[in-house]
Amino acid sequence: MQTVETLNEGLKRAYTVTITSKDIDARVEKEVAAIAPQVRMPGFRPGKVPANLVKKMHGESLQRDALNSSIQDSIQKLIADQKLRPAMQPSVELDEAFEFGKDAEVKVELEVLPEIAAPSIEGLKLERLTVEVADAQVDEAAGRIATQQGALEEHAASHKAKDGDTLTIDFVGKIDGEAFEGGSAEDVKLKIGSGQFIPGFEEQLAGVKKGDEKTITVTFPEDYGAAHLAGKEATFDITVKAILNADKPKLDDDFAKSLGLEGLDKLKELLKGQIEQEHNGLTRTHMKRKLLDQLAAAHDFDVPPSMVEAEFNQIWAQLQHEASHEENPEAALKEMEAEKEDYRAIAVRRVRLGLLLSEIGQANGVVVSDQEMNRLIMQAAQQYSPQDRERFVQYVRQDPMAAAQLRAPLYEDKVVDFLFEKAEITDRAVSREELEAAIEAEDGDLKPHVHGPGCGHDHDHDHDEKPKAKKAAPKKKAAEAEEAAPAEAAAEEAPAKKAPAKKAAAKKDEAVAEEAAAEEKPKAKKAPAKKAAAKAE
C-alpha cells in the first residue's frame, strides 16, 4: 500500500491510497483456499474441487470482496499510520478507471478532530441559586390533590353553570348544517374553564341550567389536528344533562389514608420531597448554563465543518417541525430563514462545547461503567414491545454509534458533575419565582441560545448582538431542543430532547398524586370539539 497526502488544510485531509493488484490477488487466493473444502461440484469428491474451478465459479464475487476488504483495511491503516482522529466517516472514492488485475487507486477525504489544548478547568466560579420549600407550597400542592380526588356532586336544577363547574352534555357538531363524522357524543363531562375543548366552546356554556338545549358557534383553529376541520366554522347542538361541582375532601389523616398513606404528615413529606427535587433540577439547569458560558469564553478552536453541518441539520429539522405547528407556519418559516446564520452559529458552539467536554472527561478519567451502560440499555429497551426488546439490546451492543448515543447524556452529566466539584460555588437563597425568572431570562434574551452537552439551555455571551426573538416560537422551542450535544464521541449525534425544566416542573402535583393514590386518573373522552382531533391523537 502506498499513501500520498494531497490536502492538509485546517481540519481537512485528503490522501491517495494505492492498493497493489498483488495484494488483492493474494486475498482472492486466501479466500479460495478457505471456501474450496465447502464447494460441491458434480464429478468431484467433497472438498476436492480444484482451486482454479472454484475461482472460475466465484471469481467475480471473490474479487469484489477482496477489493472491499483491501480498501477498508487500507483506510484503517492510513488512520493509524497518520495518527488521524476522524470527525465523521471518511469519504472514499475508487478510481473510475480501475480494472481487476491492476492496482487500485483510492481517494480518501476526511475531517479530523481539532487538537485541543489541555482545557482550563481552574478558577471556575459558580453561583448556586437555592430555593427553600415553604409550608404554603406543600399545603397548596396537597389542596390540589384533594381537589383532583374530590367526588362530583350534582347541583340543584336551578343552578346556573359557572367557571369551575363540570357539565354532563350531549352534543352534535355540524358544518354548513350537516353533521360531520366524529362530531357527536353523549354523556361527555366538560369542566368550564379547563381549556379541554376548542376556544369559544366552554365559554358559551356559562349560565346554562340542567335540561337546557343550546346551539353554539365556534371556529376550529387553523392548526387543528384534523385537516378537514381546520379553520372551519361549526355549530354544536348541546343538551345539558347535569351540572356538577367537586366536593373537595378535608385535608386530614383520613384523606391521606384514602390514598394509601400513613397519614397527612406522610403525604406532606412526599410532596415536600418532590418539590425539593424540582427545585434542585432548576438549580442544576441554571448552574449548567453558567458553567458552559465560562467554558465557552475560555476556549476557542476550529471545529469540523461536517460535524457543524450535521448539528445544524438537526437544529433546523427541529425548527421546521415546531414551525409547522405554529398558528402561522409560513411566517414562522420566514422568520427562521431570516435568522438562519444565527442557528448555524448555535451549531458551531454546540459542537465546540461537545468536543471540549469530551476532552475534559477523557483527560480526567470520567467514564460510564459497564454496569451503568447495561442499566441505560435496559431502560431504553422498555420503550419497545416485549418481542422487540431483545433485538434492540443486541443492536445497541453491536453498533458502536448507537451505544455512544445512548451513553452520551449520562457521560455529559458526569463530566458536568466533575466540573461542579472543581468549581468554587457560592450559594444564594432565592424564591422559586426568581429562579424560574432567571431561567426564563436566558430563554428569552436578545441572543440565540447555544446549548452545549446536556446543559439544559445556555446563552451565547461571546457573539455579537443578534436579532430579537419577537415571537417565543419557533426560536425558543428550538433552543429547548438543543440541550444535549455530543460529549463522549466526536461523531455522535445529539440525543432526544429533554423536557424544558419549567414544563417538567409544572407536572409536580400530578406525579405526586399518582404516587400517593397509586391509581390511574380517568381519561377525558375524546371528541372533535376538543383541541386535538381523535384521529390525530
Side-chain angles (χ1 to χ4, degrees), residues 87-88 221-225 227 230-231 285 288-289 292-293 296 303-355 405 408-409 412 439-487 491-504 506 531-532 536:
M88 305 285 277
E222 294 290 342
D223 61 348
Y224 191 66
T285 293
K288 276 187 178 181
R289 300 181 186 187
L292 292 177
D293 278 344
V303 293
S306 59
M307 291 184 71
V308 172
E309 190 64 22
E311 195 67 43
F312 172 76
N313 289 339
Q314 178 185 326
I315 294 171
W316 199 248
Q318 177 64 24
L319 281 164
Q320 290 176 318
H321 174 75
E322 298 292 353
S324 69
H325 291 80
E326 286 299 305
E327 198 171 311
N328 188 338
E330 290 187 6
L333 288 169
K334 186 175 181 180
E335 181 184 4
M336 284 166 47
E337 288 290 344
E339 300 174 344
K340 198 167 188 175
E341 290 310 306
D342 295 341
Y343 292 114
R344 196 171 295 278
I346 288 173
V348 170
R349 179 166 151 158
R350 285 191 64 188
V351 171
R352 183 177 292 123
L353 283 171
L355 294 173
Q405 285 183 294
E412 293 156 5
I439 294 173
E440 283 295 307
E442 293 171 356
D443 279 344
D445 67 10
L446 301 180
K447 301 174 184 177
H449 304 120
V450 183
H451 296 254
C455 69
H457 315 61
D458 71 292
H459 59 276
D460 191 345
H461 293 303
D462 304 323
H463 293 175
D464 294 333
E465 193 87 351
K466 300 295 192 300
K468 293 184 180 181
K470 295 181 181 178
K471 295 195 298 180
K475 193 168 206 177
K476 182 177 174 183
K477 293 182 181 178
E480 292 170 348
E482 293 180 51
E483 293 179 342
E492 294 169 20
E493 293 182 4
K497 74 176 182 180
K498 304 171 188 175
K502 187 171 183 182
K503 291 183 179 178
K531 289 185 175 178

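All values below were derived from every heavy atom in this structure, side-chain atoms included, with hydrogens, water molecules and symmetry-related copies excluded. Remember, it's a predicted structure, so these values are computed and weren't measured experimentally.
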Approximate separation, where rounding is to 0.5 Å, of Met307 CE and Arg352 CZ:
12.0 Å
Would you say that Arg350 contacts Gln314 through its side chain, given a criterion of any heavy-atom pair below 4.5 Å between the two side chains?
yes
Of all heavy-atom pairs between Ser324 and Pro329, which one has the smallest distance, and what is that distance?
O-CG, 4.0 Å
Distance from Lys340 atom NZ to Ile315 atom CD1, nearest 0.5 Å?
12.5 Å
Taking only residues two or more places apart in sequence or in another chain, which ones pass salt bridge (charged side-chain N to carboxylate O under 4.0 Å, His left out) with Glu222?
none
Under a 4.5 Å cut-off applied to non-hydrogen side-chain atoms, are Trp316 and Met336 in contact?
yes
When rounded to the nearest 0.5 Å, the distance separating CD1 of Ile346 from CD of Glu341 is 11.5 Å
What is the distance from atom CD of Glu337 to atom OH of Tyr343, rounded to the nearest 0.5 Å?
11.0 Å
How long is the straight-line distance from CZ of Arg344 back to CD of Glu311, given to the nearest 0.5 Å?
12.0 Å
Between the NE2 atom in His321 and the CG atom in Leu319, the distance rounded to the nearest 0.5 Å is 11.0 Å
Counting C-beta onward and ignoring hydrogens, is there a side-chain heavy-atom pair between Leu355 and Pro304 closer than 4.5 Å?
yes
Are more than 12 heavy atoms, taken from residues, nucleotides or ligands other than Glu330, located less than 6.0 Å from that residue's CD atom?
no
If every non-hydrogen atom of Leu353 is compared with every non-hydrogen atom of Leu292, which pair is closest and at what distance?
CD2-O, 4.0 Å
Ion pair Arg349/Asp342, N-O distance below 4.0 Å
no
